[in-house]
Protein chains: 2
Amino acid sequence: MTIRPAEQLIHKAAWLYYAHGLRQDQVASQLNISRASVAMYLRKARETGIVNISTSTQLFTDDVLARQLEDALKLDAVWIAPENDYVLDPSTDIAVLAASVFLELVKKGDRIGVAWGRTVYTIADVMSYADLQDVTVVQLCGNLGAPYSYRPDQCTMEIARRLNAKGLNFYAPLVLTTELLAHGLRAEPVIREQLADIANCDLALYSVGTVDADSHVVKCGALSPGEMALLRVAGAAGVVAGQIIDATGKALDCSYNRRVISASLSSLRQIDKRLMVVQEDSKFEPLLAALAGGLCTHLVVGASMARRLLDHAGAQKAS
Amino acid sequence: MTIRPAEQLIHKAAWLYYAHGLRQDQVASQLNISRASVAMYLRKARETGIVNISTSTQLFTDDVLARQLEDALKLDAVWIAPENDYVLDPSTDIAVLAASVFLELVKKGDRIGVAWGRTVYTIADVMSYADLQDVTVVQLCGNLGAPYSYRPDQCTMEIARRLNAKGLNFYAPLVLTTELLAHGLRAEPVIREQLADIANCDLALYSVGTVDADSHVVKCGALSPGEMALLRVAGAAGVVAGQIIDATGKALDCSYNRRVISASLSSLRQIDKRLMVVQEDSKFEPLLAALAGGLCTHLVVGASMARRLLDHAGAQKAS
DNA sequence: GGCTCGGTTTGACTTTTGTCGAGAGCCGTG
DNA sequence: CACGGCTCTCGACAAAAGTCAAACCGAGCC
């Protein structure tokens, strides 16, 4: 990919402005263009990740609460988004933090697994642009047929786009009608290879879903509210990467799970850094299940959720 | 290290401004302080590396010339600072580029070896601040007794300070009067350990020195002009990390080298990424020697030097 | 040639940001 | 407790950056 002359100009402008610290009018006269153009180039440079502005997320790990949680839950790192402190839009607050944390965790040459859901999509949406050419973003689970606004492949592609990375989708439905068909499809070389490669990821990004009628998998039509109610009785506690898990974090032994095309929980656990982001307080039990199953090494949550987790861990210990 | 309240404010302001994209007045009202204070906090945030603004150095590797040099010299990466193109202060131009390249090469948890010289000091001087807590910067060679403006330990400490990293100095003179004393000092546990650990670095930063009367080691009083002239006759071609090398890049067999306390060339070669930065065109021969000795995997030079190197490599091949 | 269409570029204007000196609070000290 | 010295904060102004409609430019097409 050779650089087009316009792109060259963006690079030069960005370099003079950000690295050398010139003012925009000085850059303009250096490059013999108007200052207005310089301003435009600089915006493009920021948007395409030619310049990177990142803020340390230390503030959120330095919290005592975060440290306590790390200890109590034996996690590698925890970030806590303060609530009603200086919140703008409370729902995106956690997503903005998660996006920063995510960018901080990504390294050159990494392979990143991305699941799907409203949370993940919101993160993708607020993520700033970066220039990580040799990064690969892979999709962790099959697609939903429904014309839903945030499909797995969209999450993957959007994140890949923002990072200037390679996106690797796989086009299989998330859930099939028969176990036989699912089995057959998983054996397909294209699918099999992609699934097998997931364990080689360096970083995974996902959230956890609830198991009620509001659940993502229900809204997408993968399960009917009635089926979900039955699964709940059978011990379903949460949804991770499209799969139903029980309270201990194991995949629930049920027909649905056997019909799903997605990264297996064991392959997810092989990924070094598993970043789990939880926005809604209603996801407390699902999150506990995911934690019990060791599906999370790095956690981003809101303050109230953090307190509940810590209380719970304390109670566990006491009993 | 607990965060002081003021520091907390800097973090919050930086977060709201850079991550959430609020305007300064909005941040000010969120935090109940004046906008002027916000502006000040933001400056501090940039200065201390709480926010990181980095520009891609792609522009300088994408050059055809850079690619050709990589091939011709079998280097991992080459950056070329354009000359008389849009130069501000030609001498710092290369240093600014080198500083950016350096920051791009540093990774979390790295151990970095730093040599000394005017070039290295200039780089340290223009380097922007970053927040790399778990990085260690170690000094590659002994100190000069002379009250020279850029001493090895100063280079090390300044870079460590800018990176918020740990700096590891060792206080031995660069050169001693007798071989016996040098031998004894090298055997001192404190010194021996530090020298032995140099091979475990992930990244080294140094330049190369000339072997004339203007040379750094002469100006610092480590060698007299006369001694230097003699060494030159004996085959001296350059100076790397305080040691004299011959045209093939090997340490010259001379009393001076045996009296030096510094990282051995062989331990330098064990470092994965060896970033060499050369500012002056007069360092052509010394650079050739360093390249011949495999002391460089990543190179930052000016355009005219790059052309000379390429011409030389072409001529070599033809003959 | 004259035309439209998509895009870049520009000057003029508005908004946002940087800066500086004055003043307020806060020690430790005589 | 009054005094300098210190840091932190603010208001007001100056400087810089962002924005937008209008002009421009080249390519493709009648």
Side-chain angles (χ1 to χ4, degrees), chain A residues 1-56 58-59 62 85-86 88-89 96 126 128-129 161-162, chain B residues 1-56 59 62 85-86 88-89 96 126-130 161-162 164:
Chain A
M1 178 173 81
T2 20
I3 284 191
R4 297 196 321 280
E7 216 157 318
Q8 189 83 334
L9 261 187
I10 299 181
H11 267 97
K12 286 190 180 181
W15 181 252
L16 290 172
Y17 187 75
Y18 286 106
H20 278 274
L22 296 201
R23 288 198 320 268
Q24 291 191 356
D25 52 356
Q26 297 180 292
V27 176
S29 65
Q30 282 281 347
L31 301 176
N32 277 97
I33 51 179
S34 78
R35 204 190 50 73
S37 297
V38 173
M40 192 208 59
Y41 286 144
L42 292 179
R43 184 161 37 71
K44 280 195 182 168
R46 285 189 297 265
E47 277 170 3
T48 55
I50 288 171
V51 315
N52 240 45
I53 303 186
S54 63
T55 65
S56 152
Q58 235 202 77
L59 174 59
D62 269 8
D85 187 6
Y86 46 83
L88 304 308
D89 176 352
V96 172
V126 299
S128 62
Y129 292 78
R161 192 175 72 82
R162 303 252 173 166
Chain B
M1 179 175 77
T2 20
I3 284 192
R4 296 196 323 278
E7 215 157 319
Q8 188 85 333
L9 262 186
I10 299 180
H11 268 98
K12 287 189 181 182
W15 181 251
L16 290 172
Y17 187 74
Y18 287 107
H20 279 275
L22 296 200
R23 287 198 319 267
Q24 292 191 357
D25 50 0
Q26 297 180 292
V27 176
S29 65
Q30 283 280 346
L31 301 176
N32 279 97
I33 50 177
S34 77
R35 205 191 50 71
S37 297
V38 173
M40 192 208 56
Y41 285 145
L42 292 179
R43 185 162 38 74
K44 280 196 181 167
R46 285 189 297 265
E47 277 171 1
T48 55
I50 288 171
V51 314
N52 239 47
I53 303 186
S54 63
T55 66
S56 152
L59 174 59
D62 269 9
D85 187 6
Y86 45 83
L88 304 310
D89 177 353
V96 171
V126 299
M127 188 173 293
S128 62
Y129 292 78
R161 193 175 72 82
R162 303 251 174 166
N164 258 318

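Note that the structure is predicted; figures quoted are calculated from it, not measured. Throughout, a chain's letter reflects where its sequence line sits, starting with A, and its residues are numbered from 1.
Qualifying salt bridge (charged side-chain N to carboxylate O under 4.0 Å, His left out) partners for A:R162, counting only residues two or more places apart in sequence or in other chains: A:D125, A:E158. Under the side-chain contact (heavy atoms from CB on, under 4.5 Å) criterion, A:A28 pairs with A:R35, A:V38, sequence neighbours left out. Checked against side-chain contact (heavy atoms from CB on, under 4.5 Å), B:V126 has the following partners two or more places apart in sequence or in another chain: B:A95, B:V96, B:A99. A search for side chain to side chain donor-acceptor pair (under 3.5 Å) contacts involving A:S34 returns A:S37, not counting sequence neighbours. For B:Y129, the side chain to side chain donor-acceptor pair (under 3.5 Å) partners are B:R161, not counting sequence neighbours.
Scanning all heavy atoms of the two residues, the minimum distance from A:Y41 to A:A13 falls at CB-CB, 4.2 Å.
Residue pairs meeting the salt bridge (charged side-chain N to carboxylate O under 4.0 Å, His left out) criterion with at least one member in residues 22-31 of chain B, sequence neighbours excluded, are B:R23-B:D25.
Per the geometry, CD1 belonging to B:I33 stands 11 Å off C1' belonging to D:dC10, to the nearest Å. Taking atom CG on B:N32 and atom P on D:dT9, their separation rounds to 13 Å, with Å as the unit. Between B:L31 atom CG and D:dC8 atom P there is a gap of 17 Å when expressed in whole angstrom units.
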Throw together a table of side-chain donor-acceptor distances under 3.5 angstrom for residues 46-55 of chain A, partners on residues two or more places apart or in other chains.
unit_1	atom_1	unit_2	atom_2	d
A:R46	NH1	A:Y18	OH	2.7
A:T48	OG1	A:K44	O	2.9
A:T48	OG1	A:A45	O	3.4

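Read 5' to 3', the first and last nucleotides of DNA chain C with an atom closer than 4.0 Å to a heavy atom of chain B are C:dT16 to C:dT19.
Contact annotation: B:S37 does not reach the phosphate of D:dT9 (side-chain N/O to OP1 or OP2, under 4.0 Å). Dashed line: the shortest gap from a side-chain N or O of B:Y41 to OP1 or OP2 of D:dT9 is under 4.0 Å.
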Expected string for nucleotides 18-23 of chain D under the B/S/- scheme (protein heavy atoms, under 4.0 Å, primed atoms plus P, OP1, OP2 as sugar-phosphate) is BB----
